[in-house]
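Each remark here refers to the structure printed beneath this line.
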Amino acid sequence: MSKLVFAANWKMHLGPGQAREFMAEFLARSGPRRDRELWFFPSAIAVETVASSTAHRSDILIGAQNVYWEPKGAFTGELSVAMAKEAGATGALVGHSERRHVFGESIEETALKLRALVEAEMTPVLCVGEKIEEREAGATIPVVERQLEALEGLDVATIERIPIAYEPVWAIGTGKTATPRDAAEVHNAIRSWLVAKGVAPDSVRILYGGSVKTDNVSSLVSDPEIDGVLVGGASLDPVSWAEIVNADAD
Ligand code: PGA
C-alpha cells in the first residue's frame, strides 16, 4: 500500500521566524507514521528553516512553491532549482493555479520548470485544475488533459515519479470543496491519460487540493482514487494541520 501524502502549501505566509515557531508546535503534536508522508511548501525564504527543523524526520519532505528554469543569470526575483536544492528542498510545485492565473504562467513555462526539476533529480508536483466557467461548460477533463501535456516528451519512468495535484480553481481558498466523487472522477481521468502514455496505473500519486479542512479531509483521503491532499489555508495553523495529517482514512 502506498503512503498517503499530506502536503502543506503555505503560499505567501509564514516567514522564517513564524515557520520555526510553527514547526516546534507541530512536531510536538505529530510524530512520524509509517503509512503517511508529509510535504511542506514554505515560502522560498523559509525553506531552509523548515528543512533544518525537520531534518530528523525522514517522513517529511520540503519543496519550493515555484522555481525558474534557467540555472543562473540576470533574472531578478527568481529562484533557481539549484538554490532551492541547496536550501534543503527535494522538489517544487509547478503549475499551481495562482502561478497560472495570477502570474500568467503558460503551459509551456510550466513544462520548462518541470524539466529543470527533473534534470536536477528533484520532484516536481504538477498542479492541474479547471476554472468554474470551464467546469460549467463541461470542459473539465479536456482542460486538465491539456495541462498534463507539460509531461509530454518525458520517459515513462520519469512520469511515474511525478505526483499530480488536482486542484479545481473554484475550490481553492473559497470554502467550496469538490465532493470525493467529483474529485475521484477527475483523478480517474488523469490516471487514464497517464496509463495511455504507458504509465503503470498505481505508480502515480494523485492528490486533491481545494478547501481541504479538518472536517472534510477524512472523506477525501478515504476514497481509493485520492492518494493525498494539498492544503493551503488549513495548513497555516499547527494545531489544525496536526489534526489533518492524523485524520482517519478507511
Ligand atoms: P486552499 O488552497 O486549501 O486554501 O484552498 C489549496 C492550494 O492552493 O494548494
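Order of appearance sets the numbers: ligands from 1, and atoms from 1 within every ligand. All figures in this text were calculated on a predicted structure; none of them were measured in a lab. Values below: all heavy atoms of this structure, side chains included; hydrogens, waters and symmetry mates excluded.
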Do F22 and W10 have their ring centres less than 6.0 Å from each other?
yes
For ligand 1, note which part of N9 has a heavy atom under 4.0 Å away: side chain, backbone, both or neither.
side chain
Which residue and non-hydrogen atom of the protein lie closest to atom 3 (O) of ligand 1, and at what distance in Å?
G232 N, 2.8 Å
A171 heavy atom under 4.0 Å from ligand 1:
yes
Considering only heavy atoms, which of G173, S97, A234 lies nearest to atom 5 (O) of ligand 1?
G173
Atom 2 (O) of ligand 1: closest protein heavy atom, distance to 0.1 Å, is K11 NZ, 3.3 Å
Report yes or no: do S218 and D248 form a side-chain donor-acceptor pair below 3.5 Å?
no
With side chain to side chain contact (heavy atoms under 4.5 Å, CB included) as the test, pick out the partner of D59 among V245, L38, T54.
L38
heavy-atom search around atom 4 (O) of ligand 1 in the protein gives G233 N, 2.9 Å
In ligand 1, the atoms that come under 4.0 Å of a heavy atom of G210 are 5 (O)
Just checking F40 against F26, ring centres under 6.0 Å apart?
yes
Near H96 (heavy-atom distance under 4.0 Å), the atoms of ligand 1 are 7 (C), 8 (O), 9 (O)
Residue that, paired with R146, satisfies salt bridge (charged side-chain N to carboxylate O under 4.0 Å, His left out) out of E152, E134, E130, E108:
E108
Side chains of D227 and S2, donor plus acceptor under 3.5 Å:
no
If you have a sec, work out which protein heavy atom is nearest atom 9 (O) of ligand 1 and how many Å separate them, to one decimal?
E167 OE2, 2.7 Å
Taking the six-membered ring of F103, is NZ or CZ of R99 closer than 6.0 Å to its centre and within 45° of its axis?
yes
